[in-house]
Amino acid sequence: MEQLLQQIEAYKQEIGSIQPDGADALEAYRIKFLGTKGIVKSLFAEMKNVPADRKKEFGQVLNEFKQLAEAKYEQWKSHGDSAHASAGPAIDLSLPGDPLPLGTHHPITLVRNQIVHIFGRLGFSVEEGPEIEDDWHNFTALNLPENHPARDMQDTFYIHQNPDWLLRTHTSSVQARVMERQKPPIRIICPGRVYRNETISARAHCFFHQTEGLYVDENVSFADLKQTLYFFVQEMFGKDVKVRFRPSYFPFTEPSAEMDINCRICGGSGCSVCKHTGWVEILGSGMVHPKMLENFGIDSNKYTGFAFGMGVERICQLKYRVNDLRLYSQNDVRFLRQFTGAV
Ligand code: PHE
């Protein structure tokens, strides 16, 4: 019994003097003192050799010793965990990361996508076509007479090698291509770049972007045209937008109308964009000319349709107040950066 008590005292001192040092030493400690063949277990096994009148006393000493051994183990373990955590590189996880420089969408792309999205909700799907066109798809099929100003050599870029080829002057050429291969119902939107031989200035450029639309089906009326385009400008500019239609002329539509909206720049009080009228023209439109339908073998007694075309730069100017067309193609990042996150 005395021997056992001395032994326990010695173990206590040993435990007290142990310096916690790494996971391997901790495990060795656990096996030595707390394992199934460890010291604590073997001391409890001595219980049967202890005289009955001292069993209680021995039991108390032994329990204390067991608690000490276990406490040491827990303390060492948790200290090891925190020591491990603080041993890593000093990283402040709450600091924001390094920002990656993000590109931006070009304002023309932004507005083009918005136009496509709005008409997409009305069931219009996107069609695209070549920028180098032939005379038929750009002019003749669209009922553009020989002497129409749009055919003028000064407006159209012709390809030298073959005067039948030209840079399309509008994306109505895509509508022609679709009608050529598809029968009604047709409900398409044609975004794309177009070219006209203009002197470059703040108000004119030799290329710009259009989005044209075409809807051909039975019973399509001018009321459908008005309502569709009214919906479009409300979605694009807000519910407070006002519209007016003015009679106009296009060879491929009859009747034709241009649509104006109230000036988004000055709010109607008069500025250079609306030329002090309070109104800005944003698109041309009309009922598809029966002759054009017949050009593509579509029965004009059965089907009617409407078409429209708008300049993306103009919409963009009214939306984002871009006052010089040349900014769109100069690739000045100070200009382009302003459209980060613009919707
Ligand atoms: N193509 C015409 C233009 O470029 C716009 C337009 C399209 C007008 C469809 C009426 C109908 O000016």
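Keep in mind that this is a model prediction, so the values were computed, not measured. Counting starts at 1 for both ligands and their atoms, following the listed order. The first residue in the sequence is number 1, and the count goes up from there.
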J.: Indicate yes or no: does an N/O atom of T169 lie under 3.5 Å from an N/O atom of ligand 1?
T.: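 So ligand 1 has no N or O lying under 3.5 Å from an N or O of T169.
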J.: Cation-pi check for Y29 against K72: NZ or CZ below 6.0 Å from the six-membered ring centre and within 45 degrees of the axis, yes or no?
T.: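 Geometry flag: not set, cation outside 6.0 Å or 45°.
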J.: How far is atom 12 (O) of ligand 1 from the closest protein heavy atom, and which atom is that?
T.: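 Here the nearest protein heavy atom works out to R196 NH2, 3.9 Å.
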J.: So if I count the atoms of ligand 1 from 1 in the order they appear, which ones are less than 4.0 Å from some heavy atom of F250?
T.: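 Taking each heavy atom of F250 in turn, ligand 1 has 8 (C), 10 (C) under 4.0 Å.
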J.: Yes or no: does F252 have any heavy atom under 4.0 Å from an atom of ligand 1?
T.: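 Flag set, F252 near ligand 1.
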J.: As a check for students: among A307, P251, G311, A257, identify the option with a heavy atom nearest to atom 11 (C) of ligand 1.
T.: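 Going through A307, P251, G311, A257 one by one, A307 has the nearest heavy atom to atom 11 (C) of ligand 1.
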J.: If you measure every N or O of S172 against every N or O of ligand 1, does any of those distances drop under 3.5 Å?
T.: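 For ligand 1, there is an N or O atom that lies under 3.5 Å from one belonging to S172.
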J.: Measure the shortest side-chain to side-chain distance between I8 and L62 over non-hydrogen atoms and say whether it is less than 4.5 angstrom.
T.: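 A side-chain contact under 4.5 Å exists here.
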J.: When you measure from atom 1 (N) of ligand 1 to every protein heavy atom, which one gives the shortest distance, and what is it?
T.: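 The closest one turns out to be E212 OE2, 2.8 Å.
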J.: With a 4.5 Å limit on heavy-atom distance, are the side chains of L293 and M179 in contact?
T.: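 Side chain of L293 against side chain of M179, heavy atoms only: contact under 4.5 Å found.
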J.: For atom 3 (C) of ligand 1, what's the nearest protein heavy atom and its distance?
T.: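 The answer is Q210 NE2, 3.7 Å.
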J.: Mind checking whether S256 contacts ligand 1 via backbone (N, CA, C, O), side chain (CB onward), both or neither, at a 4.0 Å heavy-atom cut-off?
T.: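 Answer for S256: neither.
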